[in-house]
There are 2 protein chains.
Amino acid sequence: MSTRIVVADDQDDVRIGFRLILDSQPDMTVVGEAADGRRAVELARHLRPDVLLADIRMPALDGLEVTRLLAAETRVIVVTTFDLDEYVHAALRNGACGFLLKRSGPALLVEAVRAAMAGDTLISPQVTVRLLRHLRAAAPAPPAEPLTERELEIARLVAHGRTNADIAAELTISPGTVKTHVAHIQRKVGAANRVGIAAWAWSSGAVGGPGA
Amino acid sequence: MSTRIVVADDQDDVRIGFRLILDSQPDMTVVGEAADGRRAVELARHLRPDVLLADIRMPALDGLEVTRLLAAETRVIVVTTFDLDEYVHAALRNGACGFLLKRSGPALLVEAVRAAMAGDTLISPQVTVRLLRHLRAAAPAPPAEPLTERELEIARLVAHGRTNADIAAELTISPGTVKTHVAHIQRKVGAANRVGIAAWAWSSGAVGGPGA
DNA sequence: GGCCGCCTCCGCCATACGGGAGAGGACCCT
DNA sequence: AGGGTCCTCTCCCGTATGGCGGAGGCGGCC
């Protein structure tokens with residue numbers, strides 16, 4: 001069974017190029033093309049392809065909107081020429097299963113389709129490097145002094161907005177003890193108040209991020 | 001000029017496989033192999049390859065440590081069988097230029113090397129999907145009521161640990177006004193206190209995250 | 001003109017928080 | 001046995017915060 005693909009892009013030559021690349025794969029078939037966003041949605045709903053490749057800049061409906069509308073029913077890979085941060089985030093937030101730059105080359109295009117089929121997400125390396133800037137930026141700001149296990153535990157609770165009394169109850173210790181821990185954490189991470197602890201925890205990945 | 005590569009992995013067959021794949025590329029040459037981390041560092045410092053492929057689980061020194069030691073001088077792509085979150089973050093934090101699962105296949109291996117050479121970062125699609133979990137999870141939690149511009153501005157400042165007086169000074173308004181805004185924000189996002197606002201802001205992408 | 005949302009400001013009061021200092025017990029390592 | 005780290009708890013005090021209600025000015029919309 002071949003992977004059925006729809007290509008949506010307002011430029012004829014791009015669609016032709018994609019079709020050429022994908023059809024040359026033994027297990028992939030381009031079953032439809034759309035030149036604007038509205039048509040892309042119609043086509044996807046009608047043909048029910050396994051994967052939709054959607055350009056961002058399209059008439060009628062842009063690729064990000066198309067992604068939002070179709071994410072629940074079709075795997076959408078967003079393709080674009082411009083690696084603007086807003087695009088990447090909007091695309092992934094809207095449920096895209098991949099983000100490709102047109103200049104990434106045929107091999108990655110094919111791999112992105114395979115990844116999407118497997119339920120994974122391939123992002124162009126040029127884009128990934130920008131996505132990770134935040135993560136890298138967070139790295140050089142680890143606490144000068146590392147937190148102990150208990151402190152980390154409390155820091156996480158603080159970061160979720162729990163009060164000292166709250167935390168004390170949860171850990172079955174005295175509120176005073178929580179205050180002591182919080183004070184230590186503040187000193188260690190250089191926070192002026194508990195919100196500073198929250199900011200540190202969220203930005204350094206101690207919570208919320210994959211680290212949680 | 002061919003891309004010079006060193007492969008570090010304690011399993012013979014893995015090294016052989018990588019060498020086979022990479023040497024079959026016209027523009028890539030494996031110039032050395034190491035079976036443990038210490039040897040990998042020595043080899044990299046001696047041969048000065050363009051790219052080092054490093055397994056995580058190795059004797060003497062694991063791939064994450066190797067990455068940390070060499071990141072400044074060599075492009076390191078971390079390769080592993082296990083897509084544990086801690087691995088990914090540690091690797092990228094330590095300066096890796098790529099993160100590959102061994103089961104990702106030859107095409108991605110080659111692409112990862114090319115990406116590293118171009119200063120980009122390729123991450124296995126299987127891993128990316130986990131990296132993005134929090135980003136996706138953040139989307140379905142928008143505030144029931146949307147914040148006004150002013151409120152969003154203040155929410156961001158709150159999320160960074162600023163006090164009301166602080167914020168008032170920055171925006172040249174009265175501290176009382178800030179309190180009013182904060183109270184409104186709390187009600188809208190359903191936070192019991194200002195740290196709850198911070199948690200909302202960080203997790204929903206209003207600040208810090210890619211959304212900022 | 002009237003309605004409404006937004007931003008701005010005011011006061012009062014109870015509570016949570018942050019700073020500082022001190023201290024005992026459990027555990028580990030030397 | 002002694003030193004170290006970590007967790008636990010206590011007291012005091014000043015400030016920041018959160019909850020309450022009220023109010024005026026401004027701009028857009030009907």
Side-chain angles (χ1 to χ4, degrees), chain A residues 141-208 211-212, chain B residues 86 141-204 206-208 211-212:
Chain A
E145 294 175 72
L147 301 187
T148 67
E149 269 308 308
R150 196 57 154 175
E151 285 166 351
L152 198 54
E153 190 179 5
I154 292 181
R156 277 194 263 259
L157 290 169
V158 167
H160 280 295
R162 318 285 294 269
T163 67
N164 288 341
D166 230 18
I167 297 171
E170 172 131 354
L171 303 181
T172 46
I173 58 180
S174 132
T177 303
V178 178
K179 285 187 63 176
T180 305
H181 283 302
V182 169
H184 290 163
I185 298 169
Q186 279 184 238
R187 192 184 51 73
K188 284 188 178 179
V189 306
N193 52 47
R194 63 178 37 226
V195 192
I197 294 178
W200 169 84
W202 286 97
S203 66
S204 78
V207 68
Chain B
E86 312 87 74
E145 293 177 73
L147 301 187
T148 67
E149 269 308 307
R150 195 56 152 178
E151 285 166 351
L152 198 55
E153 190 178 6
I154 291 181
R156 276 194 263 259
L157 291 169
V158 167
H160 279 296
R162 318 285 294 270
T163 66
N164 288 340
D166 230 21
I167 297 171
E170 171 130 354
L171 303 181
T172 45
I173 57 180
S174 134
T177 304
V178 177
K179 284 187 63 174
T180 305
H181 283 303
V182 170
H184 290 164
I185 299 168
Q186 278 183 239
R187 189 183 54 72
K188 285 189 178 178
V189 306
N193 53 47
R194 61 178 39 225
V195 191
I197 295 177
W200 169 84
W202 286 98
S203 67
S204 77
V207 68

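Here the structure is a predicted model, which is why all the values come from computation and not from measurement. All chains are named by letter (A, B, ...) in the order of the sequence lines, taking the proteins before the strands, and each is independently numbered beginning at 1.
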Q: Measure the distance from CD1 on I167(A) to C1' on dT8(D) and round it to the nearest whole Å.
A: 16 Å
(Q) For a side chain to side chain contact (heavy atoms under 4.5 Å, CB included) check, start with the C-alpha distance between D166(A) and H160(A), then their side-chain angles and the critical distance, and finish with the verdict. (A) CA-CA 11 Å; D166(A) 230 18; H160(A) 280 295; over 6 Å; no
Q: Would you give the length of the straight line joining atom NZ of K188(B) to atom CG of L152(B), rounded to the nearest 0.5 angstrom?
A: 10.0 Å
Q: Report, as a single string ordered 5' to 3', how protein heavy atoms within less than 4.0 Å touch nucleotides 10-30 of chain C: B base, S sugar-phosphate only, - not at all.
A: S------SBB-----------
Q.
Nearest whole Å is fine: how far is dC9(C) P from H181(B) NE2?
A. 8 Å
(Q) Could you tell me if the side chain of I154(B) sits less than 4.5 Å from the side chain of L147(B), heavy atoms only? (A) no
(Q) In whole Å, I'd like the distance from the CD atom of E153(A) to the C1' atom of dT8(D). (A) 14 Å
Q.
Is there a side chain to side chain contact (heavy atoms under 4.5 Å, CB included) between V158(B) and I185(B)? Walk through the geometry before answering.
A. CA-CA 10 Å; V158(B) 167; I185(B) 299 168; 5.7 Å; no
Q. If we fit an axis to the first five pairs and another to the last five of the helix from dG1(C)-dC30(D) to dT30(C)-dA1(D), what angle do they make, to the nearest 10°?
A. 50°
(Q) Could you tell me how far apart I185(B) (CD1) and dG18(D) (C1') are, to the nearest whole angstrom? (A) 13 Å
Q.
Could you tell me how far apart E149(B) (CD) and dT8(C) (P) are, to the nearest whole angstrom?
A. 13 Å
Q: Take L157(A) and H181(A), measure what side chain to side chain contact (heavy atoms under 4.5 Å, CB included) needs, and give me the verdict at the end.
A: CA-CA 12 Å; L157(A) 290 169; H181(A) 283 302; over 6 Å; no
Q | Nearest-0.5 Å distance, CZ of residue R194(B) to OG1 of residue T163(B) | A | 7.0 Å
Q.
What is the separation between atom CZ on R150(B) and atom P on dG5(C), rounded to the nearest whole Å?
A. 20 Å
Q. Is the shortest side-chain N/O distance from T148(B) to OP1 or OP2 of dC7(C) below 4.0 Å?
A. yes
Q: Show your reasoning for whether side chain to side chain contact (heavy atoms under 4.5 Å, CB included) applies to V178(B) and L171(B).
A: CA-CA 9 Å; V178(B) 177; L171(B) 303 181; 5.7 Å; no
**Q.** Spacing of E151(B) atom CD and H184(B) atom NE2 [to the nearest 0.5 Å]
**A.** 7.0 Å
Q.
Nearest 0.5 angstrom please: N164(A) CG to T180(A) OG1, how far?
A. 9.5 Å
Q: Round to the nearest Å and state the distance from H184(A) atom NE2 to dT8(D) atom P.
A: 12 Å
Q) Can you check the I154(B) CD1 to dC6(C) P distance for me, whole Å? A) 14 Å
